[in-house]
Number of protein chains: 2
Amino acid sequence: MSAEDTDTPGGAFIGYKTCPVRRTLSILNGKWKPLIIYELLPGPCRFNELKRRLPGVSQRLLTAQLRALEADGIVDRKVMEVVPPHVEYSLSEKGRSLHPVLQAMEIWGENEIKNYPIS
Amino acid sequence: MSAEDTDTPGGAFIGYKTCPVRRTLSILNGKWKPLIIYELLPGPCRFNELKRRLPGVSQRLLTAQLRALEADGIVDRKVMEVVPPHVEYSLSEKGRSLHPVLQAMEIWGENEIKNYPIS
DNA sequence: GCGCCTAGTATACATAAGGGTACTGCACAC
DNA sequence: GTGTGCAGTACCCTTATGTATACTAGGCGC
């Protein structure tokens with residue numbers, strides 16, 4: 001990494017402009033973001049369905065991380081103006097391009113669970 | 001993911017026992033951990049050299065994340081009893097097995113930087 | 001024998017990120 | 001009119017991370 005891009009106005013990663021790993025981490029740096037992307041890989045999903053698929057996440061956090069992913073162009077948010085409200089989240093092209101990263105995580109985790117099962 | 005492993009005593013990931021992605025995230029969930037592993041991939045490295053290679057990290061954080069990675073069996077810590085002190089960090093076999101994950105992140109980041117350069 | 005060097009460790013304090021729960025407004029079922 | 005589902009928002013609290021400083025122990029210059 002070059003030492004020139006040491007700017008990080010909003011707490012983003014120093015060096016995300018030039019360091020590939022930091023650039024990727026600047027997108028995936030939320031606790032739930034990789035899991036959200038992982039759950040959206042098969043196809044679009046509504047808010048509460050996503051919440052059910054991600055045990056442990058709170059509404060507040062899920063909203064916040066979805067908004068961040070939307071701002072980064074990873075997730076698309078489609079609002080149907082009906083009652084009850086219907087909001088559909090899906091991966092953008094850029095989001096789908098993260099598939100190999102999530103897949104690598106999945107493969108490593110599968111191997112870990114197989115070799116070192118817990119309780 | 002099954003709903004049974006909802007235990008997470010110390011703030012670890014719910015479901016890390018059975019969900020592969022969560023299992024991987026339970027190891028990589030620190031802001032600097034992926035970068036530390038990335039920097040250690042080429043070979044062993046001393047503390048201050050690591051610090052120099054990771055602009056933006058503080059001594060305190062680097063120490064803490066190295067200890068966490070050590071506890072997870074990702075990083076080996078070798079202390080030479082000399083003056084001045086000499087401590088060498090390196091990846092364990094388990095740590096090296098994370099190479100594909102870091103590589104996927106690197107590739108994605110490279111592509112991003114190429115397609116969407118910043119300033 | 002005093003101050004400065006290395007390679008860290010330890011402490012204190014501030015801010016950022018994560019988390020829990022209650023609450024909204026509207027429609028539908030009962 | 002009570003309960004349920006949807007897609008959030010508001011409020012408050014706990015971890016995680018960031019910053020700064022002081023400390024270890026021996027060796028070196030003077």
Side-chain angles (χ1 to χ4, degrees), chain A residues 6-16 22 25-36 39-40 44-72 75-90, chain B residues 6-16 22 25-36 44-72 75-90:
Chain A
T6 48
D7 49 296
T8 170
F13 269 89
I14 288 174
Y16 73 104
R22 286 174 191 238
L25 287 173
S26 75
I27 301 291
L28 297 181
N29 66 354
K31 179 166 179 178
W32 297 94
K33 289 183 191 171
L35 287 165
I36 291 170
E39 294 297 342
L40 287 178
C45 191
R46 297 175 64 178
F47 183 87
N48 276 355
E49 173 61 19
L50 209 45
K51 185 157 128 46
R52 277 189 290 273
R53 288 196 207 167
L54 295 171
V57 76
S58 67
Q59 294 188 337
R60 207 186 74 81
L61 257 287
L62 183 52
T63 302
Q65 309 242 317
L66 279 168
R67 291 292 144 83
L69 288 170
E70 194 190 354
D72 282 329
V75 158
D76 289 330
R77 182 168 179 267
K78 193 163 63 179
V79 182
M80 317 337 193
E81 292 293 354
V82 294
V83 174
H86 185 119
V87 180
E88 206 170 77
Y89 292 95
S90 58
Chain B
T6 48
D7 50 293
T8 169
F13 268 91
I14 287 174
Y16 73 102
R22 285 174 192 239
L25 288 173
S26 75
I27 301 291
L28 297 182
N29 66 353
K31 178 167 178 178
W32 297 94
K33 289 182 191 171
L35 287 165
I36 291 170
C45 191
R46 297 175 66 176
F47 183 86
N48 274 357
E49 173 60 20
L50 210 45
K51 184 155 128 45
R52 276 188 290 272
R53 286 197 209 168
L54 296 170
V57 74
S58 66
Q59 292 189 335
R60 205 184 74 83
L61 257 289
L62 183 52
T63 302
Q65 308 242 316
L66 279 168
R67 289 294 140 83
L69 288 170
E70 194 189 354
D72 283 328
V75 158
D76 290 330
R77 182 166 179 269
K78 194 164 63 176
V79 183
M80 319 334 195
E81 293 291 357
V82 293
V83 174
H86 185 121
V87 180
E88 203 170 79
Y89 292 94
S90 58

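Letters go in sequence order (proteins before strands), and every chain restarts at 1.
Remark: of the listed residues R53(A), E88(A), E39(A), K51(A), R53(A) is the sole one forming a side-chain contact (heavy atoms from CB on, under 4.5 Å) with C45(A).
At the phosphate of dA16(D), neither OP1 nor OP2 sits under 4.0 Å from any side-chain N or O atom of K31(A). Put simply, W32(A) has a side-chain N or O that comes within less than 4.0 Å of OP1 or OP2 on dG19(C).
Note that CG of N29(B) and CG of N29(A) are 12.5 Å apart. Values are rounded to the nearest 0.5 Å.
In terms of the salt bridge (Lys or Arg N to Asp or Glu O under 4.0 Å) criterion, residue partners of R52(A) (sequence neighbours excluded) are, by chain and number, E49(A).
When rounded to the nearest whole Å, the span between NZ of K78(B) and C1' of dG8(C) equals 18 Å. Protein atom CG of L54(B) is 15 Å distant from nucleotide atom C1' of dT17(D), rounded to whole Å. Rounded to whole angstrom, the span from the CG atom of L25(B) across to the P atom of dA16(D) amounts to 15 Å. Residue L66(B) contributes atom CG, which lies 13 Å from atom C1' of dT9(C) at whole-angstrom precision. Between the C1' atom of dA7(C) and the CG atom of L50(B) lies a distance of 13 Å, rounded to the nearest Å. Per the geometry, CG belonging to L61(B) stands 17 Å off P belonging to dT15(C), to the nearest Å. If you measure from atom CD of E81(A) to atom P of dG25(C), you get 17 Å, rounded to the nearest angstrom.
The minimum heavy-atom distance linking I27(B) with L69(B) is given by the pair O-CD2, 4.2 Å. For the residue pair Q65(A) and K31(A), the shortest heavy atom distance occurs at OE1-N, 3.7 Å.
For the pair R22(A)/L35(B), a side-chain contact is recorded, criterion being any heavy-atom separation below 4.5 Å from C-beta on.
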Next item on the list: Produce a footprint string for nucleotides 4-13 of chain D: one letter per nucleotide, 5' end first; B if the base is under 4.0 Å from any protein heavy atom, S if only the sugar-phosphate is, - if neither.
Entry: -BBSBBBB--

